[in-house]
Amino acid sequence: MKRFGRKNLSALAPFLLLLVAIAIYVAVAIITDQTQYLTVENLLGLLGRSIALGITAVGQTFAILIASIDLSVANLISVSAVLASAIMSGDPAMMLPAVVTVLVVGVVVGLINGLVITQFEVNPLIATLGMALVLQGLLSAAFNNFAGAVPDEFQTFAYGQVGGVSVSLLFLIGLTIAAWVFLRFTKPGSNIYSVGGNPEAAKLAGMRTTRVVITAHIICSVCATIAGLYLASRLQSGAPWIGRDGVYDLESIAVVVIGGTALSGGRGGVWGTLMGVMIFSLIDSIFNLAGVDAFAKQILRGVIIVAAVAVYAMRSRRIEA
Amino acid sequence: MINRLKHMNPVFLVLLLLFVAIAILSPYFLQPAGYMNFFKRAAPIAILAVGQLYVINSGGFDLSAGALVTLTVIGSSILLDGDASATWWVITAMLAVGVVVGTVNALVVSWLKVPSIIATLGMMITLGGVALTWSGGAPRGYLPENFRFFGRYLIKDLPVIKILPVAVIVMVVICAAMWWLMHRTNYGKRLVAMGDNPKAAMLAGVPLTQTRVVAFVMSSVSAVIAGILLGGFAGVSTDVGVGLELQAITAAVIGGAQLLGGRGTVGATIAGALVLQAMFTLLNILGFPKPIRDVVQGLILISAVVIAGYRRRRSGG
Amino acid sequence: MFYKFAATALTALAVALPAHAQNFDDPVEFAKQKDMLAATANGAAETPWLQYYGDVMADTSAFKKDGPHTICFSNAGVNNPWRVVGWNTMQAEVDLHDNIANFVVTDAEGSDDKQIADIEDLLAGGTCDALIVSPNTTAALTPAVEKACEQLPVIVFDRGVNTNCPVTFIKPVGGYGFGIQSGEFIAANAPAGSDVLMLRILPGVDVLETRYSAAKRILEEAGLNIVGAEFTDGDRAKTKAIVEDYIQRGNQLGAVWMDAGATSVAAIEAFEDMGLDVPIVTGEDQQDFLQKWQEIGMNTIAPTYPTYQWRTPILAALKILDGEAIPGPEWNLPQPAITNDNLADFVNPSMPPLHYAACGCENMPDYPARWGGK
């Protein structure tokens with residue numbers, strides 16, 4: 001009974017938070033007399049504001065589910081965007097080689113992160129922070145500006161539409177479904193929950209925990225490189241600062257925990273993360289509607305992150321008590 | 001003797017090697033102006049790192065330190081706006097802000113059970129927002145000369161060492177006080193016990209919340225002091241603190257501190273901060289482009305942890 | 001070893017890039033701006049924010065509309081002192097006009113991605129009669145601006161975009177002009193063959209890239225030795241540390257060229273604190289630099305990128321909605337430089353240290369309080 005209750009609540013909480021955010025959004029739109037924003041397209045478009053954050057956060061969910069964390073995603077996004085646009089250089093024929101190269105880079109970075117964490121027993125924060133510094137340093141040493149450009153065809157990823165819905169939004173939803181199916185219905189997926197929930201027990205049960213941790217990190221890094229591809233497509237060109245400027249490392253961690261995934265691992269999932277992303281977009285839009293100063297917004301953002309995590313922490317304590 | 005050397009923290013050896021390399025490559029650093037400027041530049045990061053060590057030894061992180069540095073610089077400049085007579089109360093007020101920030105961080109961790117990484121991340125974002133809102137996004141006001149005294153001025157015409165930056169005096173005094181608290185008081189023992197095993201510490205009668213509050217306050221106050229030095233060094237700027245929390249954590253880790261509760265020492269942490277600064281200086285003398293500093297910082301960060309883990313396993317500890 | 005390999009590979013890639021990247025070193029534009037600096041602008045000299053060069057006008061009769069209007073503004077951010085002064089000036093300009101019913105503003109906080117979303121939001125709102133865009137970076141904002149052009153009259157100012165679709169693009173003479181003014185001063189005044197350090201805020205912004213390329217061209221032609229070009233992020237602590245680093249490397253700096261003046265004083269202090277004579281350090285029209293210049297009697301120059309250009313887009317938007325022809329597709333405003341001769345005219349100790357003297361705001365409502373002055 002207790003187990004059921006906890007599971008139910010942690011799935012429900014992000015949804016309730018999201019409803020609250022939507023309610024505030026609608027109220028602000030009505031109060032400020034900007035009801036033209038209250039259309040279904042517009043609400044869908046809200047998620048479209050944060051595709052890059054969404055893709056990154058889906059990956060970050062995997063890292064956090066195994067009780068790890070990845071601070072290198074922001075810089076990996078920059079590497080990916082710059083490499084993609086530099087390799088493409090406006091030539092449609094180079095799109096496939098560029099995408100493949102970038103994905104391979106994602107796999108390699110995730111593999112190294114996973115290996116350093118499992119083989120050298122380095123704390124994941126330190127391992128991925130170190131990786132972040134190395135990636136950023138190498139990238140900034142070689143590039144200090146927008147590099148290359150993506151061909152118009154590639155911009156379909158960010159600007160294309162299918163039946164009135166943007167391609168990138170469909171991609172994010174598809175990615176989330178794929179991640180959810182993987183986590184819920186496959187053996188490697190359920191291993192991620194076991195290892196994150198109780199690594200010792202998983203090890204005793206004969207699970208190859210090392211392999212699970214490495215897999216989760218590879219997925220996380222690959223998602224970050226995809227986010228980089230999306231940004232290259234949206235901005236037409238990659239620059240070595242776009243990942244850092246978007247603060248995708250800390251923001252992706254924030255939306256994952258707001259979405260109900262526990263930092264201690266083993267609990268949560270990608271739908272919660274997607275709701276976390278949506279909540280963040282709503283906060284942005286609410287402030288835009290209300291004309292709140294950009295800086296005051298940041299103060300509230302910090303408070304909201306802590307408050308949301310506190311709610312989860314209090315809840316899980318009460319139920320366990 | 002050899003046995004003692006074996007147990008010596010390798011960070012001191014690394015520091016010595018770096019100093020020798022710098023001295024060989026650039027005789028400028030053998031003159032008082034050279035090495036004193038080096039220590040002056042290292043002072044803020046050394047102070048921050050020792051403050052961070054308190055939180056690390058308690059089993060947490062303080063990611064808000066860098067944002068607090070920025071807030072200190074911006075807040076002081078707005079409050080002062082060049083009025084030299086207000087310097088002392090503004091410094092007092094900023095230290096009080098540090099105490100409040102540290103206390104809030106600790107209580108969010110203790111009472112709300114929010115992991116310190118998220119609690120201080122939220123604080124970092126919030127403080128950044130406060131600094132930007134207060135300043136309107138760009139530096140305003142300015143710092144009078146007596147505020148900048150601590151970070152900028154040199155005492156000249158001394159015997160032997162010839163010059164002595166005030167920042168170096170500040171560093172020595174603050175670090176000595178923090179060394180005393182960590183290694184010569186009961187508080188330090190309680191802190192390490194808590195970081196090692198909070199449950200056991202609690203059963204042994206360690207007041208966890210109180211111990212944690214002091215640790216986070218030490219970190220925040222050291223951030224305010226580092227902010228006063230950095231503001232003094234170069235004047236007002238809006239992103240002076242960006243990334244400093246990571247440098248501070250790096251310095252503590254290079255000094256051998258273990259994350260999630262460890263037994264890092266103040267001396268080794270200062271050495272870690274100096275290693276970091278010496279490494280940057282060496283890269284500069286060699287003419288490497290600035291981004292390479294990041295690469296080196298990342299690699300030594302990971303290596304330090306790997307080596308420390310290897311030594312622990314070998315010594316069976 | 002690893003670094004060498006990786007950096008070589010990445011550098012090889014960077015060098016191998018074809019010329020798809022934007023060209024920030026365009027001799028034609030360089031020459032055009034050089035001529036403009038020497039030319040006389042049309043219009044009254046008392047209102048430089050309405051002056052313009054040349055006589056090419058944009059027809060706006062198609063946009064004529066009855067007021068009062070809703071003017072929308074997508075701002076890249078107010079993340080540096082120049083933008084803060086400009087933003088205050090623009091708000092004061094809005095206050096001067098009764099037929100602006102609504103002034104809707106979004107702030108992208110320096111993020112391209114957010115600014116694209118902001119513009120999409122403004123267009124989706126459907127209430128804007130005209131859209132003013134101050135782009136965060138040039139290439140990234142181009143598609144969003146093109147989309148906006150299809151719906152309403154667009155005015156771009158300060159940094160540019162890679163399209164001619166806006167009704168007009170307002171800026172002073174330009175980045176090349178800025179680089180020419182400071183570059184030529186250093187070439188004429190620095191000791192022959194001496195070391196020059198070039199400090200830049202950040203890459204990727206056309207107006208800053210062109211300042212750099214123009215100055216670099218002139219310094220190289222003058223036979224000066226450029227020892228480095230570094231990014232400071234507009235941060236004083238970084239600036240001071242970088243200058244100290246270059247001095248410690250043993251460079252004999254005859255001049256420090258700055259692409260913007262907000263951190264010039266920090267560069268000057270680096271020399272002072274190391275007990276050295278202060279060489280040429282160029283700056284801009286902010287008060288702290290001008291006052292330091294006056295105080296220690298430097299020989300230097302301060303090109304300006306006048307913040308009065310923030311008044312022009314509002315005036316242009318109203319003219320467009322009145323159907324009145326305006327200079328376009330480019331509207332260049334005058335771009336004066338401050339020299340030893342006219343320094344005293346610009347120094348004003350009652351304004352904040354980072355106030356930009358060429359704001360054209362002295363007769364606006366709430367001056368000087370709105371700009372933080374006493």
Side-chain angles (χ1 to χ4, degrees), chain A residues 69 71-72 75 112 116 119-144 240 244 247 249-251 253-254 257-258 262-264 293-317, chain B residues 61 63-64 67 104-105 108-109 111-137 242-243 246-247 249-250 253 258-260 288-310 312-313:
Chain A
I69 205 159
L71 291 177
S72 66
N75 299 317
I112 296 175
V116 171
Q119 303 305 310
F120 295 114
E121 296 175 34
V122 175
N123 182 303
L125 276 166
I126 297 292
T128 56
L129 173 61
M131 175 59 86
L133 289 165
V134 171
L135 287 176
Q136 188 63 48
L138 288 177
L139 186 64
S140 308
F143 295 91
N144 64 18
R244 215 178 26 197
V247 212
D249 39 5
L250 299 179
E251 295 226 332
I253 294 167
V257 295
I258 287 179
L263 271 180
S264 50
D293 171 272
F295 306 132
K297 176 162 33 178
Q298 211 185 328
I299 300 178
L300 287 162
R301 220 185 274 167
V303 173
I304 289 167
I305 292 171
V306 173
V309 176
V311 169
Y312 291 121
M314 302 290 267
R315 190 187 303 283
S316 64
R317 192 170 44 149
Chain B
F61 287 98
L63 296 182
S64 65
V104 171
N105 277 338
V108 168
V109 174
W111 290 354
L112 302 181
K113 305 286 174 212
V114 174
S116 65
I117 178 170
I118 295 289
T120 56
L121 167 65
M123 182 59 86
M124 164 182 150
I125 297 173
T126 306
L127 292 179
V130 171
L132 289 171
T133 311
W134 198 357
S135 66
V242 174
L246 298 182
Q247 285 193 20
I249 293 172
T250 305
V253 167
Q258 285 171 55
L259 298 185
L260 306 177
F288 277 92
K290 266 203 311 170
I292 295 308
R293 293 180 186 190
D294 286 342
V295 179
V296 171
Q297 192 188 339
L299 292 178
I300 57 175
L301 178 63
I302 296 177
S303 320
V305 179
V306 171
I307 292 168
Y310 176 72
R312 253 198 320 280
R313 278 194 290 278

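First the proteins, then the strands, lettered A, B, ... as listed; each starts at 1.
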Chain B contacts, top residue of A:Leu71, A:Ile305, A:Asn123 (heavy-atom pairs, under 4.5 Å): A:Asn123

Chain B contact via A:Leu300 - which portion, at a heavy-atom distance below 4.5 Å: neither

B:Asn105 versus B:Ser64, closest heavy-atom pair with distance: ND2-OG, 3.2 Å

Contacting region of A:Val116 [heavy-atom separation from chain B under 4.5 Å]: side chain

Winner by heavy-atom pair count (cut-off under 4.5 Å) against chain B, out of A:Ile126, A:Val306, A:Leu133: A:Leu133

Engaged part of B:Ile249 at the chain A interface, taking heavy atoms whose separation is under 4.5 Å: side chain

Portion of A:Ile69 that has a non-hydrogen atom of chain B nearer than 4.5 angstrom: side chain

Over all atoms of both residues, closest heavy-atom pair of A:Thr128 and A:Ser72: O-CB, 3.4 Å

B:Ser116 to B:Val109 - nearest heavy-atom pair and separation: CA-CG2, 3.7 Å

Per-residue contact mode, B:Leu121 against chain A (heavy atom under 4.5 angstrom): side chain

Student check: side-chain heavy atoms of B:Val108 and B:Thr120 closer than 4.5 Å: no

Which portion of B:Val130 sits near chain A, non-hydrogen atoms under 4.5 angstrom: both

Portion of A:Ile304 that has a non-hydrogen atom of chain B nearer than 4.5 angstrom: neither

Side-chain (A:Gln136) to main-chain (B:Pro291) donor-acceptor, under 3.5 angstrom: no

Nearest atoms (heavy-atom pairs only) where B:Val253 meets B:Ala304: O-CB, 4.0 Å

B:Ala67 to B:Gly128 - nearest heavy-atom pair and separation: CB-N, 4.3 Å

Portion of B:Ile117 that has a non-hydrogen atom of chain A nearer than 4.5 angstrom: side chain

Contact class of A:Val309 relative to chain B, heavy atoms under 4.5 angstrom: both

Proximity breakdown for A:Leu250 and chain B, heavy-atom pairs closer than 4.5 Å: both

Minimum heavy-atom distance between A:Ile258 and A:Ala308, given as atom pair plus value: CG1-CB, 3.8 Å

